[in-house]
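Throughout, protein chains are lettered first and strands after them, A, B, ... in sequence-line order, and every chain is numbered starting at 1.
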Protein chains: 2
Amino acid sequence: MITITDVAKHAGLSRATVSRVINNRPYVSEEKKKLVRNAMDKLGYYPNSSAQRLRNQKTNIIGVLVPRLTNPFFINIIEGIEKIAAESGLQLLICQTKSDKQKELNYFTLLRTKQVDGIILTSLENDWEQFSPYVDYGPVILCNEYYENATVPMIRLNQYEGSYIGARHLIDRGHRKIGYCGGGSTSGLSKDRKRGLKKALEEAGLSLNPNWIFHKRYSIEDGRELMKEITAMEDRPTAIFTNSDEVAAGIIKESKELGLKVPDDLAVIGFDNQPIAELIEPRLTTIDQPSEEIGEKAMETMVAVLNQQKIDTNLKGLNLKLIVRDST
Amino acid sequence: MITITDVAKHAGLSRATVSRVINNRPYVSEEKKKLVRNAMDKLGYYPNSSAQRLRNQKTNIIGVLVPRLTNPFFINIIEGIEKIAAESGLQLLICQTKSDKQKELNYFTLLRTKQVDGIILTSLENDWEQFSPYVDYGPVILCNEYYENATVPMIRLNQYEGSYIGARHLIDRGHRKIGYCGGGSTSGLSKDRKRGLKKALEEAGLSLNPNWIFHKRYSIEDGRELMKEITAMEDRPTAIFTNSDEVAAGIIKESKELGLKVPDDLAVIGFDNQPIAELIEPRLTTIDQPSEEIGEKAMETMVAVLNQQKIDTNLKGLNLKLIVRDST
DNA sequence: GTGAAAGCGCTAACAC
DNA sequence: GTGTTAGCGCTTTCAC
């Protein structure tokens with residue numbers, strides 16, 4: 001392996017000077033700079049990042065926790081994060097929690113072992129109480145998910161509003177028996193979505209039937225199962241509000257096998273506005289989330305925090321948009 | 001920050017002994033082991049990985065290059081890679097090349113700056129000639145894509161066969177005017193897919209019409225554009241063989257807007273067997289690829305290489321399977 | 001079994 | 001402007 005010492009020798013200079021050139025530090029004459037550059041080229045020198053990291057006590061890597069890579073919504077967030085990261089010369093370490101509490105917590109050792117300079121969380125499995133002790137080991141930022149009482153910066157969407165306009169849409173379409181398929185965790189997002197729905201129902205003099213509340217459904221397959229469950233009920237909702245386009249797509253797919261018509265027999269509203277929402281038939285009415293945008297904001301915030309800038313921890317949420325298509 | 005020195009002091013022992021305990025080395029008495037463990041717990045000590053990496057001259061990180069994270073096929077490969085990586089105590093650094101030649105090449109600096117111990121490539125933008133000089137900087141393994149003349153281990157699928165059975169299926173259905181939408185790069189995969197198609201055509205006394213060959217289409221949007229192009233032709237194919245379910249889905253979607261019937265006006269065959277293939281209507285006939293499996297094999301090979309085991313560079317390809325649904 | 005000491009490759013005071 | 005030197009936190013001879 002070629003080291004800085006080799007380059008120094010080859011250029012007839014000291015390691016300090018070579019280091020200055022590598023890091024674009026001032027106080028090096030053009031002449032010596034050229035000498036160093038030549039030596040580096042000739043020897044094919046590349047600085048050893050482990051050594052740099054040990055010396056500088058930072059890695060320039062940010063850990064990004066997502067539930068799973070199969071969900072386009074999180075890929076979009078990553079896209080936004082990556083864009084800003086690249087601009088700031090930071091790398092990403094992408095970690096799948098698989099929606100597992102323990103895995104999520106374990107990834108905080110990245111911070112403790114100094115493998116990353118900070119962590120961005122896009123989903124939350126644990127309660128804030130579980131997290132809070134880990135937050136001392138380095139900057140942590142929440143992106144998408146949030147807690148009311150967390151003390152770290154949170155980049156969030158206006159889930160309460162989003163859920164409200166979705167529910168209103170169903171009510172305006174004449175539905176009075178509305179089911180809900182949502183997270184059911186203790187996070188702010190999860191609570192706010194349910195709150196928004198309830199608010200809309202209440203305003204219309206309706207209430208949320210406990211039999212029509214379904215938790216922890218994420219995938220297309222989950223959606224299909226859910227549809228089977230619903231079909232088996234005596235008293236069925238006429239519309240269902242879901243937490244993701246995947247679940248909604250599963251419901252629609254299964255409804256066809258079951259010989260039921262969407263939206264006539266069951267109206268379905270998704271969440272995310274993924275590509276699949278356009279592809280499936282009937283096309284999915286859904287709530288569009290500016291996912292890439294929150295990714296960008298989260299990373300910008302991380303950069304600010306790493307630069308010791310003070311920032312507001314609880315930023316106001318961005319707005320969501322209802323996309324009306326054919327499933328409602 | 002708590003260092004090994006702190007732990008040593010606290011336990012009243014030397015740093016060497018602490019290090020032995022951390023790394024489960026023999027020749028430490030149970031008594032002292034306990035002393036060290038207690039000190040580590042009490043102080044909340046975690047070893048600094050930059051220091052470990054510098055000292056050990058390895059990172060235990062493998063770089064994985066994929067074109068983009070939005071493609072489920074590559075996510076599946078990653079899933080397989082990750083499974084074996086976890087078992088071997090290795091971490092993954094996932095990198096998107098965005099199908100950019102330069103970006104792909106740039107990621108090899110990860111190897112040169114010792115940020116990763118090895119690289120797994122799942123797609124190829126550059127020719128083998130471009131790559132070969134970089135291969136000296138550390139272990140490189142090809143997974144999915146391959147070159148005939150490459151000197152690195154290659155985990156591959158039997159693309160020639162896969163393409164052949166797909167084309168045969170189309171021919172058996174009575175099609176004589178078959179279009180092809182494929183990579184068009186110099187990689188073995190790209191060449192073999194075209195070869196398999198040509199072989200099937202030849203056997204049936206047909207040939208590939210140059211007007212019906214389309215390159216570099218990857219996304220749903222690309223598929224829609226492609227369908228528009230095809231529709232605008234005077235002499236149109238009656239069936240099209242695509243390189244991915246996304247493109248195929250785009251074709252189907254657009255055909256509906258255009259008022260054309262799949263498969264009657266145009267039969268479409270996909271590649272990958274992604275979730276979308278089941279969801280879209282008509283459901284997609286496609287070639288199933290054991291993507292997770294090649295990911296696993298690739299990582300197993302990487303582990304073997306890192307352990308200095310000799311391995312065969314050009315392993316025989318795994319077989320592909322035709323899934324017949326409604327689009328053909 | 002245990003410890004002292006050297007050194008992985010790099011950067012940054014500090015001296016000149 | 002440039003070089004000398006110390007040290008980031010860790011592991012591993014080598015001596016005892």
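Using modelled atom types, one side-chain atom of B/N144 and one backbone atom of B/T122 make a donor-acceptor pair closer than 3.5 Å. Under the 3.5 Å distance criterion, the side-chain polar atoms of A/T113 are left unmatched by any main-chain donor or acceptor of B/N48.
Here D/dG9 presents its C1' atom at 6 Å from CG of B/N48, a figure rounded to the nearest Å. B/N60 places its CG atom 16 Å from the P atom of D/dC10, with the value rounded to the nearest Å. In this structure, B/I4 atom CD1 and D/dC8 atom C1' are separated by 14 Å, rounded to whole Å. In this entry the distance linking CG of A/L13 with P of D/dT4 reads 11 Å, nearest Å. Rounded to a whole Å, the CD atom of A/Q57 is 12 Å from the C1' atom of D/dC10. Taking atom NZ of A/K114 as the reference point, atom C1' of D/dG9 lies 11 Å away to the nearest angstrom.
Just one of A/F108, A/Y107, A/Y137 meets the ring-ring contact (aromatic ring centres under 6.0 Å, His included) condition when paired with A/F131; it is A/F108.
Considering only heavy atoms from C-beta on, A/K114 stays 4.5 Å or farther from A/L54 through its side chain. The closest side-chain heavy-atom distance from B/P139 to B/I119 is not below 4.5 Å. Looking at heavy atoms from C-beta onward, A/E296 lies out of side-chain contact with A/E87 at the 4.5 angstrom threshold.
Proximity of A/S29 to the phosphate of D/dT2: a side-chain N or O atom is located under 4.0 Å from OP1 or OP2. Using a 4.0 Å cut-off, some side-chain N or O of A/K32 falls inside it from OP1 or OP2 of D/dT2. Residue B/R53 places no side-chain N or O under 4.0 Å from the OP1 or OP2 atom of D/dG9. Here B/Y45 reaches the OP1 or OP2 of D/dC10: one of its side-chain N or O atoms lies under 4.0 Å away. Distances shown here put every side-chain N or O of B/Q52 at or beyond 4.0 Å from the OP1 or OP2 atom of D/dG9. B/N56 has no side-chain polar atom (N or O) that falls below the 4.0 Å cut-off from OP1 or OP2 of D/dC10.
Nearest-nucleotide mapping onto DNA chain C: of B/G12 and A/S49, the residue sitting toward the 5' end is B/G12. Residues B/A16 and A/T3 each lie close to DNA chain C; by heavy-atom proximity, the contact nearer the 5' end of the strand is made by B/A16. When the nearest nucleotides of DNA chain D are assigned to A/E30 and A/R15 by heavy-atom distance, the more 5′-ward of the two goes with A/E30.
A 4.0 Å heavy-atom criterion places the boundary nucleotides of DNA chain C facing chain B at C/dG1 to C/dG9, written 5' to 3'.
Closest to the side chain of B/R20, out of D/dT11, D/dC14, D/dT2, is D/dC14.
Across all strands shown, B/P47 has heavy atoms under 4.0 Å from sugar-phosphate atoms exclusively, and none from any base.
Taking A/D127 as the reference, A/T186 meet the side-chain hydrogen bond (donor to acceptor under 3.5 Å, both in side chains) condition, with sequence neighbours excluded.
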